[in-house]
Amino acid sequence: VQLQASGGGLVQPGGSLRLSCVASGFTLNRPAIGWFRQAPGKEREAVSCISGRDGSTNYADSVKGRFTISRDNAKNTVYLQMNSLKPDDTALYSCATISAVAELSDGNLMIYGAANWGKGTLVTVSS
């Protein structure tokens, strides 16, 4: 059971990237999936997640309106479309299965039960 993130790279501010999270060893349409990022010198933060039950989504305020999470069950893949990228979005992005999520009053996401971490993909936003 493993998840593998890909699609990162170097992009200019204002640009776009689409990250992919591919599952192996299990069917991705069942568990909820979360995208996370960790910038140098900072703690890991949850960016977005999507339910396996009804496809409902959650976003951290820092990416709301710019990032879109989606899933393609036929390809066993969850995507993170990132638009209007900023230098602050520079981080190592990874995905994991999650048990639950709560939206906090400060605009952050609290994730419960993150597991099956795979290697992340590096996103660098710079001119």
Side-chain angles (χ1 to χ4, degrees):
V1 176
Q2 190 174 16
L3 296 172
Q4 178 66 54
S6 63
L10 174 64
V11 63
Q12 293 186 344
S16 298
L17 282 174
R18 188 178 77 161
L19 305 184
S20 299
C21 174
V22 181
S24 60
F26 67 100
T27 303
L28 196 60
N29 65 340
R30 291 180 181 176
I33 299 295
W35 277 102
F36 303 79
R37 68 185 181 186
Q38 186 166 20
K42 295 186 178 181
E43 293 187 356
R44 184 168 57 198
E45 63 173 338
V47 173
S48 180
C49 56
I50 185 166
S51 168
R53 179 173 52 86
D54 60 8
S56 59
T57 58
N58 301 86
Y59 298 92
D61 279 1
S62 59
V63 305
K64 199 170 291 183
R66 300 187 298 122
F67 290 12
T68 303
I69 191 171
S70 62
R71 64 196 311 153
D72 184 336
N73 292 334
K75 295 183 177 179
N76 224 27
T77 301
V78 170
Y79 301 101
L80 185 68
Q81 178 67 43
M82 307 187 297
N83 299 329
S84 302
L85 283 163
K86 307 174 182 180
D88 283 349
D89 296 318
T90 295
L92 182 68
Y93 285 72
S94 54
C95 54
T97 58
I98 65 172
S99 299
V101 59
E103 294 186 352
L104 304 179
S105 59
D106 62 2
N108 292 319
L109 299 178
M110 176 64 74
I111 301 295
Y112 301 91
N116 300 310
W117 296 92
K119 290 183 179 180
T121 185
L122 184 63
V123 173
T124 304
V125 184
S126 175
S127 55

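Reckoned from all heavy atoms, side chains included, excluding hydrogens, waters and symmetry mates.
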Next on the checklist: I'd like to check N116 versus Q2 (side-chain heavy atoms, cut-off strictly below 4.5 Å). Are they in contact?
Outcome noted: no
Item to check | salt bridge (charged side-chain N to carboxylate O under 4.0 Å, His left out) pairs, two or more places apart, involving residues 100-125 | outcome: none
Next on the checklist: Per the ring-ring contact (aromatic ring centres under 6.0 Å, His included) rule, what does the pair list look like for residues 84-127, sequence neighbours excluded?
Outcome noted: F36-W117
Checklist outcome for this item: Applying side-chain contact (heavy atoms from CB on, under 4.5 Å) to K75 and not counting sequence neighbours gives D72, T77, Y79
Next on the checklist: For a quick test of reading the model, state the closest non-hydrogen atom pair linking A114 to A96 and the distance between them.
Outcome noted: CB-CB, 4.4 Å
Checklist entry - So do the side chains of V22 and L3 get within less than 4.5 Å of each other, counting heavy atoms only? => result no
Next on the checklist: I'd like to check the side-chain contact (heavy atoms from CB on, under 4.5 Å) partners of A115; sequence neighbours left out, ordered by chain and number.
Outcome noted: T97
Item to check | Pairwise distance CG(L109) to OG(S48) - rounded to 0.5 angstrom | outcome: 7.5 Å
Next on the checklist: Restricting to side-chain contact (heavy atoms from CB on, under 4.5 Å), what partner residues turn up for V125, sequence neighbours left out?
Outcome noted: V11, P13, L85, P87, D89, T90, V123
Item to check | Results of side-chain contact (heavy atoms from CB on, under 4.5 Å) for T68 - residues two or more places apart only | outcome: Y59, Q81
Item to check | For K64, salt bridge (charged side-chain N to carboxylate O under 4.0 Å, His left out) partners two or more places apart | outcome: D61
Next on the checklist: Checking S84 now: which residues fulfil side-chain hydrogen bond (donor to acceptor under 3.5 Å, both in side chains) with it, not counting sequence neighbours?
Outcome noted: none
Checklist entry - With sequence neighbours excluded, what pairs up with E45 under the side-chain hydrogen bond (donor to acceptor under 3.5 Å, both in side chains) test? => result R37
Next on the checklist: Quick test of your reading: applying side chain to side chain donor-acceptor pair (under 3.5 Å), list the pairs with at least one residue in residues 9-22, sequence neighbours left out, ordered by first then second residue.
Outcome noted: S16-N83
Checklist entry - Restricting to pairs with a member in residues 51-88, which pass disulfide bond (SG atoms under 2.5 Å apart), not counting sequence neighbours? => result none
Next on the checklist: Nearest 0.5 angstrom please: S70 OG to I33 CD1, how far?
Outcome noted: 12.5 Å
Item to check | Test log, rule side-chain contact (heavy atoms from CB on, under 4.5 Å), inputs I69 and V78 | outcome: CA-CA 7 Å; I69 191 171; V78 170; 3.8 Å; yes
Checklist outcome for this item: Heavy-atom closest pair (A60 atom, A46 atom, distance to 0.1 Å) is CB-O, 3.6 Å
Next on the checklist: Please report the interatomic distance OG(S62) to NZ(K86), rounded to the nearest 0.5 Å.
Outcome noted: 8.5 Å
Checklist outcome for this item: Interatomic distance, CE@M82 vs CG@L17, rounded to 0.5 Å, equals 4.5 Å
Checklist entry - disulfide bond (SG atoms under 2.5 Å apart): which pairs involve residues 40-107, sequence neighbours left out? => result C21-C95
Next on the checklist: Test side-chain contact (heavy atoms from CB on, under 4.5 Å) on S56 and I50; report intermediate values, then the result.
Outcome noted: CA-CA 6 Å; S56 59; I50 185 166; over 6 Å; no
Checklist entry - Taking the side chain from R71 and the backbone from N76, do they hold a donor-acceptor pair closer than 3.5 Å? => result no
Next on the checklist: Quick one, S94 and T121 - any side-chain contact, counting heavy atoms below 4.5 Å?
Outcome noted: no
